[in-house]
There are 2 protein chains.
Amino acid sequence: MSYSIGVFAEQTGLSIDTLRYYEKEGLIFPQRDENNRRMYTENDKTWIAFILRLKETAMPIRQIKEYARLRYAGDSTTKERLALLQSHRAFILKEMERLEENLGHLDVKIASYKQSIIEHEKADSAAVQR
Amino acid sequence: MSYSIGVFAEQTGLSIDTLRYYEKEGLIFPQRDENNRRMYTENDKTWIAFILRLKETAMPIRQIKEYARLRYAGDSTTKERLALLQSHRAFILKEMERLEENLGHLDVKIASYKQSIIEHEKADSAAVQR
DNA sequence: ATATATGCTGGAGCTTACTCCATGTCAAGG
DNA sequence: CCTTGACATGGAGTAAGCTCCAGCATATAT
């Protein structure tokens, strides 16, 4: 079972142009039929889903391409792929820490804004009293 | 006390060009001296530090510009700024959830890679035995 | 036989966030 | 007086990640 680029685009939520762009960039290489049209398989779907995970965690296409190269090269590259994923894991952890820290600061800022709004309202109602 | 753009760039870690770019984009408006040169103050330093926090949490310049507009407009915009920060807070939370979820999947993948490496090594040593 | 839909390629164009460059001004030091 | 250094402006260039388009091929429906 295989899908045309139009169908596959719909299934993955990517645009046709994006799929062709990913191919140009070396992320995915679907088979071609006798008319040179792309035929995406279930395997391609799994692979795209994984690419999207990597993208969601801000991996640049350059690096995904490197992973793709290893993947297409076959089983002998397992260790290299593992290393790549482990380093990406560390990157995600750092990213999460950064977000967490910034969230903390933001919360302080939000609290102080709330406070100053309350004070402003107090001042207003005092003015009305007079 | 105020700083020239060169000194301020060094202090903030931003390049001179970036500082001018931020001004062009409406993020920050330092005073000028009698020769039209930029003079950054302590207040600008606080403001830049906050801008950098927003950037670190992936707020686009377009949106930081909106916050800047409100800030430069004065105290009457407190509520709007609060609202903007609260919606950004929600954005950060979603971002963190996304990362967490992807981290989970990545860990599964890493575990399975480790497993298949172990099995591969077993197969190898069995081959050597023969 | 022809119209329509879908796909192909190569290349231009777009957005974001800078970064670099040519040209010019001005104050201070030698 | 003249050079040097820091700064000014306007505009071009860059990298990433798409997005769009012209021009052509092919298959299916009418």
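Within every chain, numbering begins at 1; the chains are lettered A, B, ... in the order of the sequence lines, protein sequences first and strands thereafter. No experiment lies behind these values; they were computed from the predicted model shown.
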Considering only D:dT26, D:dA8, D:dT19, which nucleotide approaches the side chain of B:Asn36 most closely?
D:dA8
How long is the line joining [atom1] of [X] and [atom2] of [N], in whole Å?
| X | N | atom1 | atom2 | answer |
| --- | --- | --- | --- | --- |
| B:Tyr40 | D:dC7 | OH | C1' | 11 Å |
| B:Ile61 | C:dT15 | CD1 | P | 15 Å |
| A:Lys55 | D:dG17 | NZ | C1' | 7 Å |
| B:Asp33 | D:dA6 | CG | P | 16 Å |
| B:Leu27 | C:dA17 | CG | P | 10 Å |
| A:Arg37 | C:dG7 | CZ | C1' | 4 Å |
| A:Ile64 | D:dC18 | CD1 | P | 9 Å |
| A:Glu34 | D:dA25 | CD | P | 18 Å |

Taking only N and O in the side chain of [X], is any of them less than 4.0 Å away from OP1 or OP2 of [N]?
| X | N | answer |
| --- | --- | --- |
| A:Arg38 | C:dC8 | yes |
| B:Tyr21 | C:dT16 | no |
| A:Lys24 | C:dC8 | no |
| A:Thr18 | D:dG17 | no |
| A:Tyr22 | D:dC18 | yes |
| B:Asn35 | D:dA8 | no |
| A:Arg32 | C:dT9 | yes |
| A:Ser4 | C:dG7 | yes |

In terms of side-chain heavy atoms, does B:His120 have a donor or acceptor partner in A:Thr78 at a distance below 3.5 Å?
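Absent: no donor and acceptor within the cut-off.
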Quick one about B:Tyr67 and B:Glu80 (side-chain donor to acceptor, distance below 3.5 Å, no hydrogens or angles considered), yes or no?
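No, because no side-chain N or O of B:Glu80 sits under 3.5 Å from a partner of the opposite role on B:Tyr67.
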I'd like to know if B:Arg20 reaches the base of D:dT9 with its side chain, counting only an N/O donor and acceptor under 3.5 Å.
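Counting by modelled atom types and ignoring angles, no donor-acceptor contact under 3.5 Å is found here.
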Any donor-acceptor N/O pair under 3.5 Å between D:dA16 base and A:Arg62 side chain
no
With nearest nucleotides of DNA chain C determined for B:Asp17 and B:Met59 from heavy-atom distances, which residue corresponds to the more 5′ nucleotide?
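Result: B:Met59.
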Select base, sugar-phosphate, or nothing to describe what B:Phe8 touches, counting heavy atoms under 4.0 Å on all strands.
nothing
Can you confirm whether more than 12 heavy atoms, excluding those of A:Glu10, are under 6.0 Å from its CD atom?
no
Indicate the ring-plane relationship of A:Tyr3 and A:Phe8, choosing parallel, tilted or perpendicular according to the 30° and 60° boundaries.
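Parallel, since the angle between the ring planes stays under 30°.
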B:Leu14, B:Ile16, B:Ile61 screened by side chain to side chain contact (heavy atoms under 4.5 Å, CB included) with B:Tyr21, the one that passes:
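For B:Tyr21, the side chain to side chain contact (heavy atoms under 4.5 Å, CB included) check succeeds only for B:Ile61.
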Donor-acceptor pair, B:Ser15 side chain versus B:Thr18 backbone, under 3.5 Å?
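Yes, B:Ser15 side chain to B:Thr18 backbone: donor-acceptor pair under 3.5 Å.
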